[in-house]
Amino acid sequence: MSEVTNTSLSQQSYNVHAGDSLIIQVSKVICILFPRGLMVSGFSDRGDLLMIRYSDYKKELPPWILDFFEHQFINEQLLSVSHKVAAVFIASDKGLVVPNLLYDQISAEKWMKKINFVEGNEIVTVHNLQEDRTNYLFAWPAAMNSLMVRYFPAAKVLPLATYQFYKPYKTENALNCCLSNDQVFATLYVNRQLYWHQVFNYQTAEDIAYHIKLLCNQHKIDSDTLSIQVTATNRTPVDVINELAQFFPNLKDGAGSVNSGDKNFTSTIYLLQQLYACAL
């Protein structure tokens, strides 16, 4: 059995202001679960983001170590009142978008399992994207689902990419990317219509830039004018976002332009605000 020790654990935290009263003001909590980590965020009853707690463990260890997640669920103060947990977002790289006209549950799950090599210990969950008239299928560990049922039975379970399908794009062509430490969750709208969605791995900003440039070339989109919105699941990818801005003039993190060298939570705060809106 794999074990996560303190030496292999990385943690980040954010408070909107100093003081012990913040935790008392939290009325809603949302979580993001990753293959090797999680983020927990607390919001006031007005929807203001108050706190962020992020933990992950080293790549060398297996993904989805149940003891790590259960320890966090039990010991994280933001999760101590289960009914406050409004939604849990799953960062799964095994996904499939199927239009309503083509959707049949049995057939769709067969496609999903064949294309993404879904394992026997994983379940497939379906989320309907009403505005785009499609269904989003994603696979995640059945054991993690059992933990959700045990600790947060009232919480919605949604794919991390959910917010990318609900954002009201102001431009004809828009690409929305969410960066974890090693993956990109990306969704492209062309003429304000859902056009492309993919989760891919990266190591450097150049990897992401190449992927986006190739996508634009294949679909005859001008990458210099493409509106690109980038968020991050924690502070670690901020340097990558800053480097990406050198390749794409219209790239923004959060609600504004990239502030080169500013290693803060701007991209993460914006992401969590979008996820909160989806959780309502």
Side-chain angles (χ1 to χ4, degrees), residues 10-34 37-56 72 76-79 84-91 155-156 158-170 174-187 205 208 227-245 248 250-280:
S10 172
Q11 296 180 311
Q12 300 172 19
S13 64
Y14 165 87
N15 293 331
V16 70
H17 60 71
D20 298 329
S21 63
L22 274 182
I23 190 70
I24 302 173
Q25 300 174 42
V26 172
S27 65
K28 275 192 174 63
V29 175
I30 64 172
C31 301
I32 307 175
L33 302 185
F34 311 92
L38 85 163
M39 175 188 289
V40 184
S41 54
F43 292 80
S44 70
D45 55 3
R46 297 183 305 176
D48 299 321
L49 178 61
L50 302 175
M51 308 172 69
I52 301 172
R53 299 292 181 267
Y54 174 88
S55 300
D56 65 19
Q72 298 295 322
E76 171 52 56
Q77 191 177 11
L78 276 170
L79 299 175
K84 290 186 178 181
V85 182
V88 178
F89 292 86
I90 310 299
K156 298 178 183 177
L158 301 166
L160 174 61
T162 299
Y163 81 98
Q164 297 180 347
F165 302 103
Y166 287 87
K167 181 171 171 52
Y169 294 102
K170 297 179 181 179
L175 177 67
N176 204 318
C177 298
C178 177
L179 274 59
S180 68
N181 291 348
D182 56 6
Q183 290 187 319
V184 180
F185 297 77
T187 302
I208 302 173
S227 174
I228 303 177
Q229 175 77 61
V230 182
T231 60
T233 59
N234 65 92
R235 290 187 305 184
T236 304
V238 169
D239 287 339
V240 174
I241 296 175
N242 290 333
E243 291 178 39
L244 270 180
F248 304 102
N250 283 337
L251 185 144
K252 298 181 183 298
D253 73 331
S257 298
V258 174
N259 184 4
S260 180
D262 187 10
K263 198 164 182 116
N264 54 35
F265 275 102
T266 300
S267 304
T268 302
I269 291 171
Y270 185 78
L271 168 65
L272 290 170
Q273 290 169 338
Q274 303 305 305
L275 294 180
Y276 179 83
C278 294
L280 295 180

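Position 1 is the first residue of the sequence, and the numbers go up from there.
- Distance check, rounded to the nearest 0.5 Å: CE of Met51 to CD of Gln25 gives 10.0 Å.
- Leu78 approaches Arg53 most closely through the heavy-atom pair CD1-CG, 4.0 Å.
- Distance check: Tyr14 OH to Arg235 CZ gives 11.5 Å after rounding to the nearest 0.5 Å.
- Separation of atoms CZ (Phe248) and CD1 (Ile228) is listed at 5.0 Å; rounding is to 0.5 Å.
- Nearest heavy-atom pair across Thr162 and Cys278 is CG2-SG, 3.9 Å.
- Judged by distance alone, with hydrogens and angles left aside, the side-chain atoms of Ser267 form no donor-acceptor pair with the main-chain N or O of Ala232 at under 3.5 Å.
- Checked by atom type and distance alone, the side chain of Ser27 pairs as donor or acceptor with a backbone atom of Ser44 at under 3.5 Å.
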Worked verdict on Gln274 versus Thr231 for side-chain contact (heavy atoms from CB on, under 4.5 Å) = CA-CA 10 Å; Gln274 303 305 305; Thr231 60; 5.8 Å; no

Should Ile52 and Gln12 be marked as a side-chain contact (heavy atoms from CB on, under 4.5 Å) after you check the CA-CA gap, both sets of side-chain angles, and the distance that decides it? CA-CA 8 Å; Ile52 301 172; Gln12 300 172 19; over 6 Å; no

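- Counting heavy atoms from C-beta on, the side chains of Ser180 and Asp182 come closer than 4.5 Å.
- Without hydrogens or angle criteria, Lys156 side chain to Ala279 main chain gives a donor-acceptor distance under 3.5 Å.
- At a threshold of 4.5 Å between non-hydrogen side-chain atoms, the residues Met39 and Leu272 count as touching.
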- [ ] Report the C-alpha separation of Leu33 and Ile90 in whole Å, then their side-chain angles, then the decisive distance to 0.1 Å, and conclude whether the side-chain contact (heavy atoms from CB on, under 4.5 Å) test is met.
- [x] CA-CA 5 Å; Leu33 302 185; Ile90 310 299; 3.9 Å; yes

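- Taking 4.5 Å as the limit, some side-chain heavy atom of Ile241 sits within range of a side-chain heavy atom of Leu251.
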#### Entry: Steps toward side-chain contact (heavy atoms from CB on, under 4.5 Å) verdict (Leu179, Ile208)
CA-CA 10 Å; Leu179 274 59; Ile208 302 173; 3.9 Å; yes

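- Shortest non-hydrogen contact noted between Ala205 and Leu244 is O-CD2, 3.5 Å.
- The side-chain contact (heavy atoms from CB on, under 4.5 Å) test with Phe43 singles out one residue from Ile30, Val29, Leu50, and that residue is Ile30.
- Put simply, CD1 on Ile32 and CG on Leu38 are 9.0 Å apart, with the number rounded to the nearest 0.5 Å.
- With values rounded to the nearest 0.5 angstrom, Lys252 atom NZ is found 7.5 Å from Ser227 atom OG.
- Taking CZ from Phe34 and OH from Tyr54, the interatomic distance works out to 5.5 Å, rounded to the nearest 0.5 Å.
- Open room surrounds CD on Gln77; 12 or fewer heavy atoms of other groups in view lie less than 6.0 Å from it.
- The nearest pair of heavy atoms linking Ser41 to Leu49 is CB-CD1, 3.9 Å.
- Shown here for Gln229 and Asp253, the closest heavy-atom pair between the two residues is NE2-C, 3.8 Å.
- Here the shortest heavy-atom pairing between Ala186 and Cys177 reads CB-SG, 4.0 Å.
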